[in-house]
Amino acid sequence: MELFSDVKLPLRVDKLTKISAKWRAKLEDREKQCSQDVEGGVCEGDRGSQNKGEASEGCADQEGKGSNRKQVLAMVYEDGLRSLAELTSATVELFRKLAELTLLPQGQEQDHLVQAKRFNRLTNLVSVELETLAALHAETITKLDPQNSNCNTTSLYLEASNSCSYVQDAYQLLCPVLKFRCASKKSC
């Protein structure tokens, strides 16, 4: 999966792709773990019952089995928050490095407008990926506990929004660097 392969920048953005792929794989593992628990009898009542309230009560009554589902639910939620935090921090770090590279004198002339468009494209791609990661984790949480998932899913979407804001702020901080570089080269 090469999310950022079409963005050509002086730095490799493989780290962002690896982070995203790692968290997606971890989410799939959590889903498999929960589905194995369900098949193993952790929450057998959820499948055949027409009334979900009765099924949930039946699961909660089973000793230790309902707590396993809650643990998986908590792990998925925490993984969602960690994935957003890790991708955001890696992106902000990448933007800092890009700003430093932009300020370095280079032997070849670069079109700063093209470079700014690439930075903008990267910002948009990362924002979409943050929203996608949050949606995937929220969907999994809703599958695991449809009745009590509102708080966790709302929190994930809020954190995704905050992460997008951090990434967009980092991009905005790159703009003066590009303007300075453009003015110093008088190429714009």
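Heads up: numbering here begins at 1 and tracks the sequence.
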Trainee: For Ala138, is there any backbone N or O sitting under 3.5 Å from a side-chain donor or acceptor partner on Thr142?
Mentor: yes

Trainee: Are any side-chain N or O atoms of Ser89 and backbone N or O atoms of Ala85, one a donor and one an acceptor, separated by less than 3.5 Å?
Mentor: yes

Trainee: Find the distance between CG (Leu133) and CZ (Arg24) and round it off to the nearest 0.5 Å.
Mentor: 5.5 Å

Trainee: Among the clusters formed by ILVMFWY side chains lying less than 4.5 Å apart, do Met75 and Tyr77 turn up in the same one?
Mentor: yes

Trainee: Would you call Glu78 and Arg30 a salt bridge, using N to O less than 4.0 angstrom?
Mentor: no

Trainee: May I ask you to test the Glu86-Trp23 pair for a side-chain heavy-atom distance under 4.5 Å?
Mentor: yes

Trainee: Ala134 and Ala160: which non-hydrogen atoms are nearest, and at how many Å?
Mentor: CB-CB, 3.5 Å

Trainee: Any donor and acceptor pair, going by atom type alone, linking the side chain of Ser20 with main-chain N or O of Thr17 inside 3.5 Å?
Mentor: no

Trainee: For Ala116 versus Tyr171, what's the shortest heavy-atom pair and its separation?
Mentor: O-OH, 3.8 Å

Trainee: Salt bridge or not between Glu93 and Lys97? Use side-chain N to carboxylate O under 4.0 Å.
Mentor: yes

Trainee: Measure the spacing between SG of Cys175 and CZ of Phe119 and express it to the nearest 0.5 Å.
Mentor: 9.5 Å

Trainee: Could you pull out the closest heavy-atom pair between Val92 and Tyr166, with the gap in Å?
Mentor: CG2-O, 4.3 Å

Trainee: I'd like to check Phe95 versus Leu173 (side-chain heavy atoms, cut-off strictly below 4.5 Å). Are they in contact?
Mentor: no

Trainee: For side-chain contact (heavy atoms from CB on, under 4.5 Å), just list the numbers for Tyr157 and Glu131, CA-CA rounded to whole Å, side-chain angles, deciding distance to a tenth of an Å, and then say yes or no.
Mentor: CA-CA 7 Å; Tyr157 286 125; Glu131 292 168 0; over 6 Å; no

Trainee: Salt bridge or not between Asp79 and Arg82? Use side-chain N to carboxylate O under 4.0 Å.
Mentor: yes

Trainee: I need the Leu130 CG to Glu159 CD distance, nearest 0.5 Å.
Mentor: 11.0 Å

Trainee: Heavy-atom distance under 4.5 Å between the side chains of Ile141 and Asp145, does that happen here?
Mentor: no

Trainee: Just verifying a value: how many Å separate Thr91 OG1 and Leu122 CG, rounded to the nearest 0.5 Å?
Mentor: 6.5 Å

Trainee: Out of curiosity, Leu156 CG to Ser161 OG, how far, rounded to the nearest 0.5 Å?
Mentor: 12.5 Å

Trainee: Is it possible for you to say whether Phe180 and Val177 belong to one hydrophobic cluster, with membership spreading through side-chain heavy-atom contacts below 4.5 Å?
Mentor: yes

Trainee: Kindly compute the distance separating OG (Ser83) from CG (Leu27), expressed to the nearest 0.5 Å.
Mentor: 8.5 Å

Trainee: Crowded around Lys117 NZ? As in, over 12 foreign heavy atoms under 6.0 Å?
Mentor: no

Trainee: Is any side-chain N of the basic residue among Arg96 and Glu100 closer than 4.0 Å to the acidic one's carboxylate O?
Mentor: yes

Trainee: Please lay out, stage by stage, how Glu28 and Lys32 fare under the test salt bridge (charged side-chain N to carboxylate O under 4.0 Å, His left out).
Mentor: CA-CA 6 Å; Glu28 288 175 11; Lys32 287 177 187 175; 5.2 Å; no

